[in-house]
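Worksheet: one structure, shown below.
Ligands are counted one by one from 1 in listed order, and the atoms in each one are counted from 1 as well.
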Amino acid sequence: MKKINGRDILFEILLRENIDTIFCTASSRETDFLGFIPGKYQDKIKFVKARHEQAAAHMADGYARSSGKPGILISLPGPYGINTVTGLATAHMDSSPIISIIADIDPWTYNMSSFNKTDHVGITQSCTKHNYLVKKTTDLAKTIREAIHVAKTGRPGPVLVDIPFPVLAGEEEFVFPDIEIKSYKQPKKGRPSQIKRAVEMILSSERPLIFGGGGLILSGARDELIEFAHSYKIPVTNTLMGIGSYPPDDPYYVNWIGMHGAYCANMAVHESDLIISIGARFDDRATGGNFERFAPKAKIIHVDIDPSTIDKNIIVHCPIIGDAKEVLKQMLEIIPADFKADRTKWFSQIDKWDEEHPLSYSQTGEKIKTTFVIDKLSEITNGESIIASDVGQHQMWLAQFYIFKNPRAHLSSGGLGTMGFGLPAAIGAKFGRPDKQVICVSGDGSFQMNMQELGTAVENEMDLKIIVLNNRHHGMVRQWQTLFFEGNYSSSRFEVLPDFVKVAKSFGAEGFHISKPDELEEGLKEALSTDGVVLVEIDVDYEEMVYPMLSPGGDMSEMIVQPTDVT
Ligand SMILES: Cc1ncc(C[n+]2csc(CCOP(=O)(O)OP(=O)(O)O)c2C)c(N)n1
């Protein structure tokens, strides 16, 4: 059998794994490496060259989140690879499957004190699901297959494969290897005894509540969740990462919970007697962080594929280790034929809380409110777009006022909160879902962290819309300074900002500027219906604040709904 070199082995495996897009950077050395790729691969795989390696990592992440397929990222070692670490950590926190390949193309040096060399395995140990250093060309095919398998199965996450030059240059006969990782078994179904126990707890509960996380989306459990909620008559909340897991217009849908979640949803958690958490990890942003006072009246069922999340933050009464979709099916299978429950009182109580403090805004005065923009965006796009958000107030308002109708449509750096995620994630998402309208919603602060990727979007002739909500501040920081630091606005205002429309135009994109409330609707419609890469800069009121907000250190019933609530 003919031998091929390590680089070709890598691409042969990627092709057979149905990889159609690879994200990398446009540096000359990487291009050299890619330039070596025979035409046969160039025709079959799209190489997207980002301007910054961090952005390339977020692109791979956005691709994975929107499409459900693993995102592939190639970088060189040293500064190239290190720049991807923020992207890996972002993907790790949000369980997004990326395979980061570090390809060393320097034939002359490969020890750690050489130019451009870094210990990538060491550096990424704590922000990847797993990582590999490939030592022999014979191991390469199997390692790449394993990396893809580990990244996309169980609780997904980023996996790094560091390939030294001799491994890429070495030659071996190519075989597509079988893989079996003995120590890596992923549970599918839950233990029947635990399923039975959970169902008994649900049957005797008066105020049960589904606390759904991103795991529901990853497992594709929407239909099962609807049937489960309706069959057992349980209202449904979700975390920020779970947005889109349940249809927002379904009568059982309450809203999302957490730091800036809806009042009724947070109150429901506090008053519930049974929390059924599915694919959520009880992090501090979802629970407020006061774990001792979390849901004080409730027993907890926790369904998760990752056993390490059980009892981590919250003590659980009934753990079920398994895939969300499978576990929901199992619980549906044993619903008693004569099951009846009157939970009208519980549902009406939740409605009452919603009436007391609904998610609302009022567009008054000369300045545009970000809430108004998001509400209009939701209306114009009918909640059908994929939206990649950045981090800050605009991120929270997007989650509150954009009515996401579909799963894999709300792309947000929930776990790490990485400013600069939005634009590259949107670019990656458009490659993953070219059939959908993809929009980046960003703040002036976040956008400046990766705005060079406008070049990548234009170069690829994408159809991508970007909304920059310009409040001339790090708005979320300003909000905390207003509420908790006596208005000490240190470092949160930008004295100098670029003209974002000119920035867009200088990259060859189209740009619009909206500054008055009565221009908003028409302006947005025009921008969204203009072909190509279009940036719309909207001047927004920097004094608007995101409510409700969980009181730092408080429980989930202690919400700030206006500034005077801060004591
Ligand atoms: C990389 C990074 N640096 C700093 C922060 C802390 N931080 C969180 S939100 C925020 C302000 C974001 O400002 P902007 O993007 O303008 O959004 P706004 O809050 O104004 O809507 C900052 C600085 C972060 N989350 N990520």
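Heavy-atom separations between D444 and ligand 1 include at least one value shorter than 4.0 Å. Within the 4.0 Å heavy-atom cutoff, V477 counts among the residues contacting ligand 1.
In this structure, the protein non-hydrogen atom closest to atom 12 (C) of ligand 1 is V391 O, 3.3 Å. Nearest to atom 17 (O) of ligand 1 among the protein's heavy atoms is H394 ND1, 3.2 Å. M419 SD, 3.4 Å is the protein heavy atom nearest to atom 23 (C) of ligand 1. Nearest protein heavy-atom neighbour of atom 11 (C) of ligand 1: H474 CB, 3.5 Å.
The two residues C440 and L423 have their closest heavy-atom pair at SG-N, 3.6 Å. Among all heavy-atom pairs drawn from D283 and N313, the shortest one is CA-ND2, 3.9 Å.
Separation of the F484 and W480 ring centroids falls under the 6.0 Å cut-off.
The contact set between ligand 1 and Q393, taken as ligand atoms under 4.0 Å from a residue heavy atom, comprises 18 (P), 19 (O), 21 (O). The distance from ligand 1 to the heavy atoms of G392 drops below 4.0 Å at these ligand atoms: 9 (S), 19 (O). Applying the 4.0 Å criterion to heavy atoms of M476 picks out, from ligand 1, the atoms 9 (S), 19 (O). Of all atoms in ligand 1, listed by their number and element, those nearer than 4.0 Å to a heavy atom of H473 are 16 (O), 20 (O).
Taking distance alone, with nitrogen or oxygen atoms compared against 3.5 Å, G475 approaches ligand 1 more closely than that limit. The shortest N/O to N/O separation between T418 and ligand 1 does not fall below 3.5 Å. The shortest N/O to N/O separation between G445 and ligand 1 falls below 3.5 Å.
Within the cation-pi definition used here (under 6.0 Å to the ring centroid, within 45° of the axis), R478 qualifies as a partner of Y489.
Electrostatic pairing of R293 and E558 counts as a salt bridge here, judged by a charged N lying under 4.0 Å from a carboxylate O. A salt bridge does not link K465 to E510: none of the charged side-chain nitrogens sits closer than 4.0 Å to a carboxylate oxygen.
With distances taken over non-hydrogen atoms, the option nearest atom 25 (N) of ligand 1 out of S492, G443, G417 is G417.
Not counting sequence neighbours, F507 has no partner by the ring-ring contact (aromatic ring centres under 6.0 Å, His included) test.
The shortest side-chain heavy-atom distance between F211 and I257 falls under the 4.5 Å cut-off. Between I163 and D104, the closest side-chain pair of non-hydrogen atoms is not below 4.5 Å.
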